[in-house]
Amino acid sequence: MTAATGRERYVVHLTVAADDLPAARLLARAIGRSLAFLPEPVLGEPTASEEGAPDAQHQVCCDRRLGGRRRCVRRVGHAGGYTS
């Protein structure tokens, strides 16, 4: 149960194929943006992992908390300000 919502939280895993980590990160961001019309996705939290190594997740977005449920959705290691 999360403190913010008082509800249980579940994570959905969707397997897609990409040739390398940069391509996987790009695809994860595109999928997240395409689902932005739904209230459930936390757009700053997508991760990518190599097939067969789900415990070695690579962060896709900056994910800095900006207040409320907002998080920075820019790439990991971006320069400049934060965007939700």
Side-chain angles (χ1 to χ4, degrees):
M1 195 169 305
T2 66
T5 65
R7 300 184 320 180
E8 290 188 35
R9 180 175 160 156
Y10 294 87
V11 177
V12 175
H13 303 274
L14 173 67
T15 302
V16 295
D19 292 333
D20 53 30
L21 182 56
R25 284 180 163 154
L26 183 64
L27 183 56
R29 289 183 72 232
I31 291 169
R33 285 192 307 269
S34 72
L35 297 175
F37 68 95
L38 297 169
E40 293 83 5
V42 181
L43 300 179
E45 289 188 359
T47 59
S49 63
E50 187 175 346
E51 185 175 16
D55 293 335
Q57 296 185 12
H58 300 272
Q59 196 171 350
V60 172
C61 297
C62 169
D63 197 29
R64 180 184 175 109
R65 292 181 186 265
L66 302 176
R69 294 191 64 215
R70 298 177 354 170
R71 294 172 183 255
C72 181
V73 296
R74 295 184 69 191
R75 289 184 178 93
V76 171
H78 68 85
Y82 301 101
T83 304
S84 62

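- Scored by the side-chain hydrogen bond (donor to acceptor under 3.5 Å, both in side chains) test, Gln57 finds Thr47 as partners (sequence neighbours excluded).
- The 12-atom threshold is exceeded at CG of Asp20, counting heavy atoms of other residues, nucleotides or ligands nearer than 6.0 Å.
- Looking at every heavy atom in both residues, Cys61 comes nearest to Val76 through O-CG2, 3.5 Å.
- Taking all atoms of both residues into account, the shortest heavy-atom contact from Arg29 to Val60 is CG-CG1, 3.0 Å.
- The environment of Arg65 atom CZ is sparse: at most 12 non-hydrogen atoms of other residues, nucleotides or ligands sit within 6.0 angstrom.
- Around atom CD of Glu51, no more than 12 heavy atoms belonging to other residues, nucleotides or ligands sit under 6.0 Å away.
- Contact detail for Ala18 and Ala23: the closest heavy-atom pair is CB-C, 4.0 Å.
- Checked against side-chain contact (heavy atoms from CB on, under 4.5 Å), Arg74 has the following partners two or more places apart in sequence or in another chain: Cys72, His78, Thr83.
- Grouping Ile, Leu, Val, Met, Phe, Trp and Tyr residues whose side-chain heavy atoms lie under 4.5 Å apart, directly or via other members, places Phe37 in a hydrophobic cluster with Leu14, Val16, Leu27, Ile31, Leu35, Leu38.
- For the pair Arg25 and His58, the minimum side-chain heavy-atom distance is below 4.5 Å.
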